[in-house]
Novice: 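Can you read through this structure? Questions will come right after.
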Amino acid sequence: PEAGSDATATQATARLEGDHYVLNGTKVFATNGEAAEIYTTFFSTNPKRGARGISAFIVEKGTPGFTFGKKEKKMGIRASPTYTLMFDNCKVPQENLLGREGGGLLVAQSTFDVSRPGVAAQALGIAQGAMEESLAYARVRRQFGQPVSSFQAIQHKFAEMGTRIEAARALLYTVARRIDADKDRRWTKESAMCKLFCSDTAMWVTVEAVQACGGIGYMRDFPVEKFMRDAKITQIYEGTNEIQRNEIAYHMIKEAASKKS
Ligand SMILES: Cc1cc2nc3c(=O)[nH]c(=O)nc-3n(C[C@H](O)[C@H](O)[C@H](O)COP(=O)(O)OP(=O)(O)OC[C@H]3O[C@@H](n4cnc5c(N)ncnc54)[C@H](O)[C@@H]3O)c2cc1C
């Protein structure tokens with residue numbers, strides 16, 4: 001729980017004993033916890049080394065000492081369970097170490113390079129769905145004797161939604177194609193850019209989609225309020241958007257510095 005944006009602050013530990021590691025600690029907020037059979041987890045194998053002491057492990061559901069805590073009650077993505085993972089003297093074979101000891105952060109960071117575009121795709125789908133639902137409603141909802149889609153104030157919302165969604169799609173597909181073409185390269189900056197842009201697009205579009213629908217947009221009977229609740233998490237998980245901005249700027253500054261020398 002202590003480690004969030006700063007994943008290196010983890011208090012969870014792994015101790016090598018013979019040919020097994022003994023895992024102890026708690027991981028809050030695990031997506032698809034309890035439902036998944038296999039878990040990629042991070043423990044400190046050497047707390048003195050800080051970030052360089054973190055190692056990645058595979059843990060299978062059902063391993064003695066590995067249990068599930070609280071199921072979170074969430075604002076959105078309620079179809080995906082989020083659980084606390086608990087490790088109490090959980091023994092895993094040495095071969096469950098993923099990569100090398102102390103290389104956990106590299107495992108996490110290189111996974112983010114390919115998983116962040118996945119969150120971007122989730123966000124893009126949410127934005128597209130919200131726009132389609134609200135546009136369909138605005139065409140049939142009549143006020144002042146005409147469809148609300150005939151009011152320029154509403155039309156401009158759709159113009160902005162459509163443009164932002166196309167820009168998000170173009171960025172995401174471009175980055176995905178680049179990743180496919182060169183899997184050996186690190187794509188940290190680009191994957192952070194698509195996660196940031198697509199999730200901010202989803203949040204903006206879904207808020208506007210609710211607004212374009214008026215009161216019905218706020219009701220659970222109608223799908224756009226769900227899109228709005230589901231959009232929020234895409235700005236938070238797989239690294240918050242503040243962290244994405246930090247990473248993008250870090251890489252831009254590093255690239256600029258390397259061009260000068
Ligand atoms: C539904 C859900 C599912 C999740 N699933 C998983 C999962 O499967 N696996 C997993 O590992 N994690 C998962 N997480 C955790 C998620 O990745 C973290 O919640 C997220 O990284 C933020 O960490 P935090 O919640 O501790 O916020 P904090 O780190 O406490 O951040 C609080 C605020 O401070 C800001 N902040 C922090 N540091 C900086 C900084 N250096 N610069 C600028 N701003 C900063 C943050 O952006 C945020 O706005 C999940 C979270 C949720 C809510």
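Residue numbers start at 1 and run along the sequence shown. Counting convention: from 1, in listed order, for ligands and their atoms alike. Just the heavy atoms: all of them, side chains too, but no hydrogens, waters or symmetry mates, feed the values below.
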Novice: With a 4.0 Å cut-off, would you call Glu72 and Lys70 a salt bridge?
Specialist: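 Lys70 and Glu72: salt-bridged.
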
Novice: According to the salt bridge (Lys or Arg N to Asp or Glu O under 4.0 Å) rule, which pairs have a member within residues 20-38, sequence neighbours left out?
Specialist: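 Matches after skipping sequence neighbours: none remain.
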
Novice: Under the rule for ring-ring contact (aromatic ring centres under 6.0 Å, His included), what residues qualify as partners of Tyr21, not counting sequence neighbours?
Specialist: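 Phe57.
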
Novice: Name all pairs fulfilling the salt bridge (Lys or Arg N to Asp or Glu O under 4.0 Å) condition that reach into residues 212-233, sequence neighbours left out, sorted by first residue then second.
Specialist: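 The answer is Arg220-Glu225, Glu225-Arg229, Lys226-Asp230.
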
Novice: Would you mind telling me which of Arg185, Arg186, Glu190 makes a side-chain hydrogen bond (donor to acceptor under 3.5 Å, both in side chains) with Thr188?
Specialist: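 With Thr188 as partner, side-chain hydrogen bond (donor to acceptor under 3.5 Å, both in side chains) holds for just one option, Arg186.
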
Novice: Could you name the protein residues that come within less than 4.0 Å of ligand 1, counting only heavy atoms, and order them by chain and residue number?
Specialist: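 Residues near ligand 1: Gly4, Ser5, Lys27, Phe29, Ala30, Thr31, Lys74, Thr82, Ile233, Ile236, Tyr237, Glu238, Thr240, Glu242, Ile243, Asn246.
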
Novice: Could you check Lys189, Met193, Lys195 and say which one makes a side-chain contact (heavy atoms from CB on, under 4.5 Å) with Gln244?
Specialist: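 When side-chain contact (heavy atoms from CB on, under 4.5 Å) is applied between Gln244 and each of Lys189, Met193, Lys195, only Lys195 qualifies.
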
